[in-house]
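Quick notes on the structure that follows.
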Amino acid sequence: ITWSKYLSKNMFKVGICWQGSKNKIDVGRSFPLSLFEDISKVPNLELISLHKGEGEKQIQKINFDITVLDDGFDSGDDAFVDTAAVMANCDLIITSDTAIAHLAGALGCCTWVILKKVPDWRWMLNRKDSPWYPTMTLYRQKNLNDWDFVFKLIKEDLLKILKKT
């Protein structure tokens with residue numbers, strides 16, 4: 001499947017993921033999809049769901065546009081291959097601390113990872129970059145459970161990038 005045909009032409013494409021699995025490590029690292037609403041209003045920007053599984057039902061409850069790929073996306077034997085192919089068509093990936101972050105980083109995609117105040121050890125502390133993924137920027141909570149602050153920073157940085165394009 002050529003996933004690019006499902007995406008808008010001439011728009012800045014942002015692949016997003018907001019939730020990981022519901023196991024013990026997930027506590028505090030996922031956030032509501034609704035936090036992307038303000039970003040969704042940025043002109044000439046398309047949000048593309050890279051999310052599958054737990055938390056997918058949130059898509060039905062939002063009141064902003066997000067591109068959702070068909071049922072064949074990320075199913076069967078080529079599951080992560082599909083995700084990688086869609087990422088290759090995106091200008092930016094914005095994700096919580098999930099496998100999506102690691103796949104995007106390994107592919108060399110421009111990736112912004114949203115982290116809770118005290119993240120998993122892999123992300124270390126007090127840095128905006130990742131030693132493993134040179135195309136990645138880390139956005140961290142300053143205060144526990146304060147995602148609004150993080151999304152405000154992300155929108156500001158996104159607007160700066162869009163001014164340059």
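- Summarising the geometry of Asn63 relative to Glu37, their closest heavy-atom pair is OD1-OE2, 3.1 Å, with the distance given to 0.1 Å.
- Within 6.0 Å of CG in Asp65 there are 12 or fewer heavy atoms belonging to other residues, nucleotides or ligands.
- Among Thr95, Val150, Ile16, the single residue meeting the side-chain contact (heavy atoms from CB on, under 4.5 Å) criterion with Ile114 is Val150.
- Each of Leu69 and Leu33 belongs to its own hydrophobic cluster when Ile, Leu, Val, Met, Phe, Trp and Tyr are linked at side-chain heavy-atom distances under 4.5 angstrom.
- Lys41 forms no cation-pi arrangement with Phe64, by the criterion of a distance under 6.0 Å to the ring centre and an angle within 45° of the ring axis.
- At distances below 3.5 Å, not a single donor-acceptor pair connects side-chain atoms of Trp132 with backbone N or O atoms of Ala106.
- For the ring-ring contact (aromatic ring centres under 6.0 Å, His included) with Phe151, the qualifying choice from Phe31, Tyr139, Trp112 is Phe31, the only one to do so.
- Counting heavy atoms of neighbouring residues, nucleotides and ligands inside a 6.0 Å radius, atom NZ of Lys9 exceeds 12 of them.
- To the nearest 0.5 Å, the span separating CG on Asp82 from CG on Leu50 amounts to 11.0 Å.
- The side-chain heavy atoms of Phe12 and Ile161, taken from C-beta on, include a pair separated by under 4.5 Å.
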Exercise for review: Test side-chain contact (heavy atoms from CB on, under 4.5 Å) on Met136 and Val113 and set out the steps.
Suggested key: CA-CA 7 Å; Met136 187 173 281; Val113 181; 3.6 Å; yes
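- In this structure, the separation between CD1 on Ile48 and CD1 on Ile94 is 11.0 Å, given to the nearest 0.5 Å.
- Within a 6.0 Å radius of NZ in Lys57, no more than 12 heavy atoms belonging to other residues, nucleotides or ligands are found.
- For the atom pair CD1 (Ile100) and CD1 (Ile93), the distance works out to 8.0 Å, reported to the nearest 0.5 Å.
- Cluster membership for Val68 and Ile62, using ILVMFWY side-chain heavy atoms within less than 4.5 angstrom, is shared.
- For the atom pair CD1 (Ile59) and OG (Ser34), the distance works out to 12.5 Å, reported to the nearest 0.5 Å.
- Side-chain N or O atoms of Asn143 include none that pairs as donor or acceptor with a backbone N or O of Asp146 at under 3.5 Å.
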Point to revise | Thr67 vs Leu7, side-chain contact (heavy atoms from CB on, under 4.5 Å): CA-CA, chis, key distance, verdict | key: CA-CA 7 Å; Thr67 300; Leu7 309 176; 4.3 Å; yes
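- One finds the CD atom of Glu46 at 9.5 Å from the CD1 atom of Ile66 (value rounded to the nearest 0.5 Å).
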Point to revise | Worked check of side-chain contact (heavy atoms from CB on, under 4.5 Å) between Ile39 and Leu158 | key: CA-CA 8 Å; Ile39 291 170; Leu158 190 54; 3.6 Å; yes
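- Taking all atoms of both residues into account, the shortest heavy-atom contact from Lys117 to Gln141 is N-OE1, 3.1 Å.
- Shown here for Trp147 and Ser30, the closest heavy-atom pair between the two residues is CZ2-O, 3.7 Å.
- Looking only at distances, a side-chain donor or acceptor of Asn89 sits under 3.5 Å from a matching main-chain atom of Ala85.
- In this structure, the separation between NZ on Lys155 and CG on Leu45 is 10.5 Å, given to the nearest 0.5 Å.
- For the pair Arg140 (side chain) and Leu115 (backbone), a donor-acceptor distance under 3.5 Å is absent.
- Hydrophobic clustering keeps Tyr6 apart from Leu92 (ILVMFWY residues linked when any side-chain heavy atoms are closer than 4.5 Å, directly or through intermediates).
- The shortest non-hydrogen separation linking Thr111 to Ala104 is OG1-CB, 3.2 Å.
- Inter-residue side-chain proximity for Pro119 and Leu138 is flagged as unmet; no heavy-atom pair is nearer than 4.5 Å.
- With hydrogens and angles disregarded, no donor-acceptor distance shorter than 3.5 Å links the side chain of Asn44 to the backbone of Met11.
- Ala101 and Ser96 get closest at one heavy-atom pair: CB-O, 3.9 Å.
- A donor-acceptor pair is defined here as one N or O able to donate and one able to accept, closer than 3.5 Å; such a pair exists between the side chain of Thr135 and the backbone of Cys109.
- The closest side-chain donor-acceptor pair between Gln19 and Gln58 falls under 3.5 angstrom.
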